[in-house]
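Just so it is clear, the values below take in all heavy atoms, side chains as well, and ignore hydrogens, waters and symmetry mates. Since we're looking at a predicted model, the values are computed, not measured.
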Amino acid sequence: MEKHTGCVSTDGSVMHALSPDKCDIDILDNGRTINDFIDDKIKELGSQESEEPFYVVDLDSMFKRHIRWLTNLPRVKPFYAVKCNSTPAVLRMLSALDTGFDCASKCEIRLALSLGVTPDKIIYAHPTKPPSHIRYACAHGVDMMTFDSEDELLKIALCHAKAKLVLRITVDDSKSLVRLSSKFGAKLVAVGKLLERAGELGLEVIGVSFHVGSGCTGRLAFKHAIADARHVFDIAKLYGVQMSLLDIGGGFPGREDFQVKFEEFSEVINGALDELFPPDSGVQIIAEPGRYYVESAFTLTANVIAKRVVIEDMDEHSNDEENSHNRMMMYYLNDGVYGSLSCLINDTGHNEVEPYLHRAVESSEQRYRSTIWGPTCDSSDKVTDNCWIPELYVGDWLLINNMGAYSVSISSDFNGFEKAHIYPVVTAETCHALNLSSIYNIIY
Ligand SMILES: Cc1ncc(COP(=O)(O)O)c(C=O)c1O
């Protein structure tokens, strides 16, 4: 196979080379679909007498979401929040699409750099950083970083005096499923003092950032937060600081069935930006989307490894069919809340899942009240309660959609259950359009 040194953006320009350690992706060609891929993978596992859980990652979905971003928020450059899902295949795809990266630690910075991302495409967007991580950023040319307190300024002055600082402010996050402002962000009243202190320490403050909270449901949240940021830009001017960067953070929806559509947020954001930060203001606008890019791209496939039928309130005079209505099913999957489904206990933005059967289901099939458990010995390892599905058998497979956000990155191997394997797939058309063979090992 021909080896390329660079990758191509959507407008056809060559961008940058990535490290030669490629990861594998499977190509969907000749009309093969993701469902066909899952069917084949299940057969393959069966032939190997294995039933390990796995994710399929739809890289085309990420590509489409990126185009949707460019179309709806043309003034806002996305810096993908690596914490949301740091799967190398995901980061490579986003790098091929020329996004920036929001890293929260030395480890995430190292990962991004190892994949060929250049330091100017990274923002170290954590307001409270260990000194050694700041020094690592400094040593590797990562200059852009956030802060929200005087103590952080003192640390940065010692560890990275040439940093380009972004002041994280607290904003109203009351309409978000995961709130962040109680932990991070300077209040507007503290801004003047912080800018003064930065000046005394000889530090450069280039802009403002905020996060409206993850899983934002407030249609106007970004509008109010952008107005707060404008206020900070105006305060900065009084202190002789000319800011040039606005970072509108994350909080964008990652799934189609979310209560507010991405386009609704975009309309509000564009309106607020045009009014308060018009293009001729010269302010660069960036964002830190996490969920937006990955949530719907990942489908989890897990296996029923055990089953228990519980008969409730059995009436000895009733017949078998009546008793079948009193049957409650318990199924045990080989993945659960300590593995891929950690979102159920850690992510208030995604605390329910709806597993569905891999096999086709007839509408006439009897359904049973069922509880689905994870594999560990812990009784809080419960996937879902009280769902009504046809009877399952050991060896059956269940699928769960929208599993890409805060899943892989939080999962553990508690009780010795291995983390789900990850299979990225892409259509031949997208692979060709983006010249992905330069950054992945392609499997046909
Ligand atoms: C600083 C920062 N930026 C970006 C994100 C990504 O947010 P989301 O996944 O809601 O887009 C987070 C999530 O916690 C965050 O803390």
If every non-hydrogen atom of [X] is compared with every non-hydrogen atom of [Y], which pair is closest and at what distance?
X      : Y      : value
Leu188 : His231 : CD1-CD2, 3.8 Å
Glu196 : Tyr239 : OE2-CE2, 3.8 Å
Met93  : Phe63  : CE-CB, 3.7 Å
Cys103 : Val82  : SG-CG2, 4.1 Å

**Request:** Check whether any side-chain heavy atom of Ser95 sits under 4.5 Å from a side-chain heavy atom of Arg92, and report yes or no.
**Result:**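 The answer is no, as the side chains (C-beta and beyond) never meet within the 4.5 Å cut-off.
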
**Message:** Are the side chains of Val383 and Pro355 in contact, using a 4.5 Å heavy-atom criterion?
**Reply:**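 The answer is yes; the side chains approach within 4.5 Å.
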
Within 45 degrees of the axis of the six-membered ring of [Y] and under 6.0 Å from its centre: does [X] put its NZ or CZ there?
X      : Y      : answer
Arg110 : Tyr136 : yes
Lys41  : Tyr423 : yes
Lys121 : Phe101 : no

Would the distance check show the side chain of [X] and the main-chain N or O of [Y] forming a donor-acceptor pair, the cut-off being under 3.5 Å?
X      : Y      : result
Glu275 : Gly271 : no
Thr217 : Ser176 : no
Thr430 : Val426 : no
Glu267 : Glu264 : no
Arg135 : His160 : no
Ser281 : Pro278 : yes
Tyr80  : Asn85  : yes
Tyr406 : His350 : no
His140 : Val142 : no

**Asked** Got a sec, which residues hit ring pair (Phe, Tyr, Trp, His ring centres under 6.0 Å) with His126, two or more places apart in sequence or on another chain?
**Response**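 By the ring pair (Phe, Tyr, Trp, His ring centres under 6.0 Å) rule, His126 matches Phe184.
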
**Message:** List the residues meeting ring pair (Phe, Tyr, Trp, His ring centres under 6.0 Å) with Phe417, not counting sequence neighbours, and say none if there are none.
**Reply:**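 Ring pair (Phe, Tyr, Trp, His ring centres under 6.0 Å) list for Phe417, sorted by chain: empty.
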
Just list the side-chain donor-acceptor pairs under 3.5 Å for residues 51-58, sequence neighbours left out, or say none.
residue	atom	partner	partner atom	Å
Tyr55	OH	Ser340	OG	3.0
Asp58	OD1	Asp60	N	3.1
Asp58	OD1	Ser61	N	3.2

How long is the gap from [atom1] on [X] to [atom2] on [Y], to the nearest 0.5 Å?
X      : Y      : atom1 : atom2 : result
Ile226 : Leu220 : CD1   : CG    : 11.0 Å
Leu203 : Leu194 : CG    : CG    : 11.5 Å
Asp36  : Leu28  : CG    : CG    : 8.0 Å

**Asked** Among all residues two or more places apart in sequence or in another chain, which pass the salt bridge (Lys or Arg N to Asp or Glu O under 4.0 Å) test with Arg197?
**Response**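 By the salt bridge (Lys or Arg N to Asp or Glu O under 4.0 Å) rule, Arg197 matches Glu150, Glu200.
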
**Item:** For Lys155, salt bridge (Lys or Arg N to Asp or Glu O under 4.0 Å) partners two or more places apart
**Value:**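 By the salt bridge (Lys or Arg N to Asp or Glu O under 4.0 Å) rule, Lys155 matches Glu152.
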
**Prompt:** Cut-off 3.5 Å, side chains only: do Ser149 and Asp151 have a donor facing an acceptor?
**Reply:**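 Distance-only check fails for Ser149 and Asp151.
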
Tell me whether [X] is salt-bridged to [Y], with the criterion being a basic N under 4.0 Å from an acidic carboxylate O.
X      : Y      : result
Lys382 : Asp385 : yes
Arg179 : Asp173 : yes
Asp102 : Lys83  : yes
Glu354 : Arg255 : no

**Request:** Verify the ring-centre separation between Phe252 and Phe222: is it less than 6.0 angstrom?
**Result:**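 Judged by ring-centre distance (under 6.0 Å), Phe222 and Phe252 do meet the cut-off.
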
Counting only pairs under 3.5 Å, give me each side-chain donor-acceptor contact of residues 69-76, with atom names and distances, residues two or more places apart or in other chains.
residue	atom	partner	partner atom	Å
Trp69	NE1	Val76	O	2.8
Thr71	OG1	Ile67	O	2.6
Asn72	ND2	Arg68	O	2.8
Arg75	NH1	Asp274	OD1	3.2
Arg75	NH1	Phe277	O	3.0
Arg75	NH2	Phe277	O	2.6

